[in-house]
Enquirer: 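Encoded as C-alpha cells, here's the structure I'll be asking about.
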Amino acid sequence: MKKSSFLTVAITSLVFAGLAFAGEGKVENKTAGCCTKAQKADKTCEHPCCVDAAKKGDNCTKCKGSGKIEQKPAKQ
Ligand SMILES: [Zn+2]
Ligand SMILES: [Zn+2]
C-alpha cells in the first residue's frame, strides 16, 4: 500500500504544479531591448514611444516590451 499512496502524493503534487502554472497566464513583464540597453548604460531610453509608455508605467510594446515596468526597491 505504501507504493500506491506515494503515487497518489506524486500525482497530486503534479496536478497542483500544473494548476499553479495555469494561474500564471498574466502578461509577462518584459523590458524592450532598446530600453534594457539604455538601463545598462545608466540611461533611460529616448525613443518617444518608450518615453510615452514609461509615463504610464508600462514597457514599450512597440519595441517588443510587454507588461508593467518593474520598479526596483529604493536604495536606503
Ligand atoms: Zn526603448
Ligand atoms: Zn519604444
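Remember, predicted model here, so these are calculated numbers, not experimental data. Start at 1 and go down the list; that is how both ligands and their atoms are numbered. When a residue number appears, it is its place in the shown sequence, counting from 1.
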Enquirer: Does any N or O in the side chain of Asp58 come within less than 3.5 Å of the main-chain N or O of Lys68, such that one atom is a donor and the other an acceptor?
Expert: no

Enquirer: Mind counting the protein N, O or S atoms sitting less than 2.8 Å from the Zn ion (ligand 1)?
Expert: 4

Enquirer: Tell me whether Val15 shares a hydrophobic cluster with Leu7, the cluster being built from Ile, Leu, Val, Met, Phe, Trp, Tyr side chains joined at under 4.5 Å.
Expert: yes

Enquirer: Measure the SG-CD distance between Cys35 and Glu46 for me, rounded to the nearest 0.5 Å.
Expert: 11.0 Å

Enquirer: Check for a donor-acceptor pair, side chain of Asn29 on one end and backbone N or O of Gly67 on the other, with a separation under 3.5 Å.
Expert: no

Enquirer: Rounded to the nearest 0.5 Å, what's the gap from NE2 on His47 to SG on Cys60? Could you check?
Expert: 8.5 Å

Enquirer: Which distance, rounded to the nearest 0.5 Å, do you find between the SG of Cys34 and the NZ of Lys64?
Expert: 11.0 Å

